[in-house]
S.K.: 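What follows is a single structure, and I will ask about it in a moment.
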Amino acid sequence: MAESNGASNFIRDIVLADRAAGKHGGRVVTRFPPEPNGHLHIGHAKSICLNFGLAQDAPGGICHLRFDDTNPTTEDPAYVRSIQEDVRWLGFDWGDKMFFASDYFERLYSFAEGLIRKGKAYVDSLTADEMRSYRGTLTEPGKNSPYRNRSVEENLDLFRRMKAGEFPDGAHVLRAKIDMASPNINLRDPALYRIRHATHYRTGSAWCIYPGYDFAHPLSDAIEGITHSICTLEFEDHRPLYDWVVAESESPHRPQQIEFARLNIGQAVMSKRKLLELVEKKLVTGWDDPRLPTLKGLRRRGYTPEAIRAFCEHIGVAKRDAVVEMQLLEHFIREDLNKRSQRVMGVLKPLKVVIDNYPEGASEELDAVNNPEDPSAGTRKVPFARTLYIEHDDFLEDPPKQFFRLAPGREVRLRYAYIVKCVSVARDPRTGRIIELRCTYDPETRSGAPQAQRKVKATIHWVSAAHAVKGEVRLYNSLLKTDLAKVPPDQDWTTYLNPQSLEVVSGCQVEPSLGEARPGERFQFERLGYFCADPDSRPGAPVFNRTVSLKDAWSRMDKGSAGK
RNA sequence: UGGGGGAUCGUCUAGCGGUAGGACGCCAGCCUUUGGAGCUGGCUACCUAGGUUCGAUUCCUAGUCCCCCAGCCA
């Protein structure tokens, strides 16, 4: 199971204090309670890391995986499988503690009848619209429903008949009898059960009434002996109701609800509703589109669970609304991949180079370091020959002062190979486009040779034309042109999608070993970034997703002077 | 407007009456056969106004601004 480094936060402090005080017998039991109606995203990862992390920190602590499946109309077993897969991938283990709120339906129903017997719940027969108007507003108190004083017998009878399926959807609802004048709207007789003639993916047609969140959640926590029930800020108002339900259930367990601020990331789509919209309108390729902050998307993009966990640990846990910059997430994946990824050379936009003084038909194998950060990763051989491809961006016919790379008459080192000098430029007579460079090489400067020490301003990557494998590279940019928080609510947010979020580069030339790259394998393409082989790869025709670029001092300078 | 929360560098976050710290980012330099990595140095913050105190980001008072709540969603 993933380790946690124990960065302090206010929730950890509460748990620590509770343990020290012997509250809950010193035990720590948390839960991660997703509704199986969507796929997990990085925001869920924050909650997962928090809940599982808290449990790991405590001796004997445990974190349950509980599916909060109380709404049959939106839930699907495919999501249950997906969520389990993603939590495991992130590096957490719930052991045998996987539960479903739907498994508690029978007990929840009994609790509800108990509430009715105590006169703490009643069947209301107002329509949804009527109920809304009876509820009052933020500033005016609500009014009691005319059905509020039904007798216990009548309520019991009606509730049982609701369960038996005698009424259509919406005909009645079971409500808690609390206080229609409460300044907290959640306490104005909240709905506990609604009629829904729908097939539930787990209980089938056994039920036609389903408990709501405010009833099922606290009770599920109590049933499971949850000690700390951690949720997001919007449920803060529900806490009095949560406590009311637990107290009325007379459960010996009194879980404590604690709220924290959900994760927001600038220029990322994080809401379930919007993610669904993107997928359904086919504005992205699917839930695993690498532009999405879903766990599946991040995985396909090449993110590691370790990087995501490190990110979640470092963003902290607090109560103030916050928007974390995407650069922070990128920092953690770079940091992780820098240490562990194999270096390779790949040319995205090839420019042909012929080494005039290199013997025709000859070739040699040069030693390349697999990972300068990890000597144990060893070396590999890369083939060198007379005709090469270099990155088109590494050549400029009329270079500005700051440009260190190849230009007419200039020298650069070819990584792991020789120093070459550009002697001429060939262009397409029709389009004027540069199609080929002629260079000469200095045989004395082969990497590792005594004369190789000669300094040149730059080292560039390359591949041998005869040996290279053709591949496709997918470059990703922000899916959004702006932070969603800045988009006026009356506007269609999808008009802010970045048309350049995906750039497919075909005709890339990569070093031979990459022809057989397996989906999910990660590499650093030297000088370019980290790349991950996509499932669309075929033998001899690899496809790579750019996880994140390397930091690039030149592109920053280039942009900085673009206005001049 | 009722209720519930929250305000600390550009962005996250620490602090619990005693020099406001860390990370990302940015800037400068060193180093470098990745303009990567690494190293060094620098940058910028306590919402406002009063009060208590020898001393306030912290305590008190009054404001200001931001977020959430009127689903038979979670």
Side-chain angles (χ1 to χ4, degrees), chain A residues 7-9 33-35 37 68-71 73-74 124 126-128 131-133 135-142 169-175 182-188 190-196 209-210 212-214 216-217 231-240 259 261 263 266 272 311 314-332 334-335 338-339 343 345 369 372-373 402-405 412-417 419 445 447-448 452-461 524-530 549-557:
Chain A
S8 160
N9 63 59
E35 183 187 13
N37 69 348
D68 217 342
D69 53 355
T70 57
N71 185 350
T73 59
T74 59
D124 198 358
L126 252 26
T127 65
M131 217 191 275
R132 192 173 9 259
S133 64
R135 189 155 28 231
T137 69
L138 293 179
T139 53
E140 307 156 54
D169 287 8
H172 306 284
V173 61
L174 183 75
R175 301 178 73 176
S182 172
N184 181 346
I185 290 180
N186 296 296
L187 262 21
R188 321 242 260 230
L192 266 21
Y193 265 90
R194 69 283 209 194
I195 299 172
R196 201 138 292 180
I209 57 171
Y210 292 90
Y213 169 88
D214 285 314
H217 201 89
C231 61
T232 41
L233 252 28
E234 67 269 28
F235 294 106
E236 214 152 12
D237 288 347
H238 294 238
R239 195 188 328 136
E259 310 84 13
L263 170 64
K272 255 187 197 179
F311 170 76
H314 284 256
I315 52 175
V317 178
K319 295 195 71 157
R320 76 182 80 108
D321 298 305
V323 183
V324 176
E325 291 173 334
M326 191 56 115
Q327 295 157 104
L328 190 62
L329 217 208
E330 292 180 342
H331 162 77
F332 284 104
R334 284 194 186 102
E335 183 178 73
N338 175 48
K339 282 179 298 199
R343 270 60 171 173
M345 290 196 284
V369 172
E373 305 293 317
Q402 304 272 52
F403 187 83
F404 301 153
R405 282 107 94 153
V412 294
R413 171 172 292 281
L414 297 176
R415 181 81 161 148
Y416 304 123
I419 291 174
T445 59
S447 261
Q453 305 307 315
R454 189 149 68 80
K455 296 276 184 253
V456 285
K457 292 278 267 184
T459 298
I460 64 173
H461 60 278
Q524 184 198 89
F525 284 17
E526 290 209 46
R527 305 206 308 126
L528 297 176
Y530 297 97
S549 67
L550 250 31
K551 285 207 257 179
D552 180 358
W554 162 248
S555 76
R556 243 180 292 148
M557 261 183 280

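Protein chains get the first letters and strands the later ones, always in sequence-line order, with residue 1 at the start of each. If you're wondering where the values come from, they're calculated on a predicted model, not measured in any experiment.
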S.K.: Closest approach to the side chain of A:Glu373, judged atom by atom: which nucleotide of B:U34, B:A37, B:C73 is it?
M.R.: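 Of B:U34, B:A37, B:C73, B:A37 is nearest to the side chain of A:Glu373.
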
S.K.: How would you label the contact of A:Thr232 with the nucleic acid (heavy atoms, under 4.0 Å): base, sugar-phosphate, or nothing?
M.R.: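 No contact at all - A:Thr232 keeps every heavy atom at 4.0 Å or more from the nucleic acid.
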
S.K.: According to a strict under-4.0 Å criterion, is A:Arg527 in side-chain N/O contact with OP1 or OP2 of B:U33?
M.R.: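 No.
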
S.K.: For B:U33, does the base pair up with any side-chain atom of A:Ser447 as donor and acceptor (N or O, under 3.5 Å, distance only)?
M.R.: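 By the distance-only test, yes, there is a pair.
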
S.K.: A:Arg343 near the nucleic acid: base, sugar-phosphate alone, or nothing, with a heavy-atom cut-off under 4.0 Å?
M.R.: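 Base contact.
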
S.K.: Below 4.0 angstrom from OP1 or OP2 of B:U8, is there any side-chain N or O of A:Arg320?
M.R.: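 A:Arg320 to B:U8 OP1/OP2: side-chain N or O found under 4.0 Å.
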
S.K.: At under 4.0 Å, does any side-chain N or O of A:Lys339 touch on OP1 or OP2 of B:A37?
M.R.: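 Negative; the distance criterion is not met.
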
S.K.: By nearest atom, which of the nucleotides B:A74, B:G35, B:C69 is closest to the A:Thr459 side chain?
M.R.: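 The answer is B:G35, which lies nearest to the side chain.
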
S.K.: Nearest to the side chain of A:Leu328 - B:U33, B:A23, B:U34?
M.R.: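 Output: B:A23.
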
S.K.: Establish, with yes or no, whether the OP1 or OP2 oxygen of B:G3 is under 4.0 angstrom from a side-chain nitrogen or oxygen of A:Thr139.
M.R.: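 For B:G3, OP1/OP2 do not have a side-chain N/O of A:Thr139 under 4.0 Å.
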
S.K.: Between B:A74, B:A70, B:C72, spot the one nearest the side chain of A:Val173, thanks.
M.R.: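 Out of B:A74, B:A70, B:C72, the nucleotide with an atom closest to A:Val173's side chain is B:C72.
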
S.K.: Taking 4.0 Å as the cut-off, does a side-chain nitrogen or oxygen of A:Lys457 come that near to OP1 or OP2 on B:G35?
M.R.: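 No, outside the criterion.
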
S.K.: Would you say B:C24 has OP1 or OP2 under 4.0 Å from some side-chain N or O of A:Arg334?
M.R.: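 Answer no for this pair, as no side-chain N or O of A:Arg334 is under 4.0 Å from OP1 or OP2.
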
S.K.: Can you tell me which nucleotide in B:C26, B:A74, B:C12 comes closest to the side chain of A:Phe235?
M.R.: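 Output: B:A74.
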
S.K.: Would one find a side-chain N or O of A:Arg239 under 4.0 angstrom from OP1 or OP2 of B:G3?
M.R.: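 The answer is no; no side-chain N or O of A:Arg239 sits under 4.0 Å from OP1 or OP2.
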
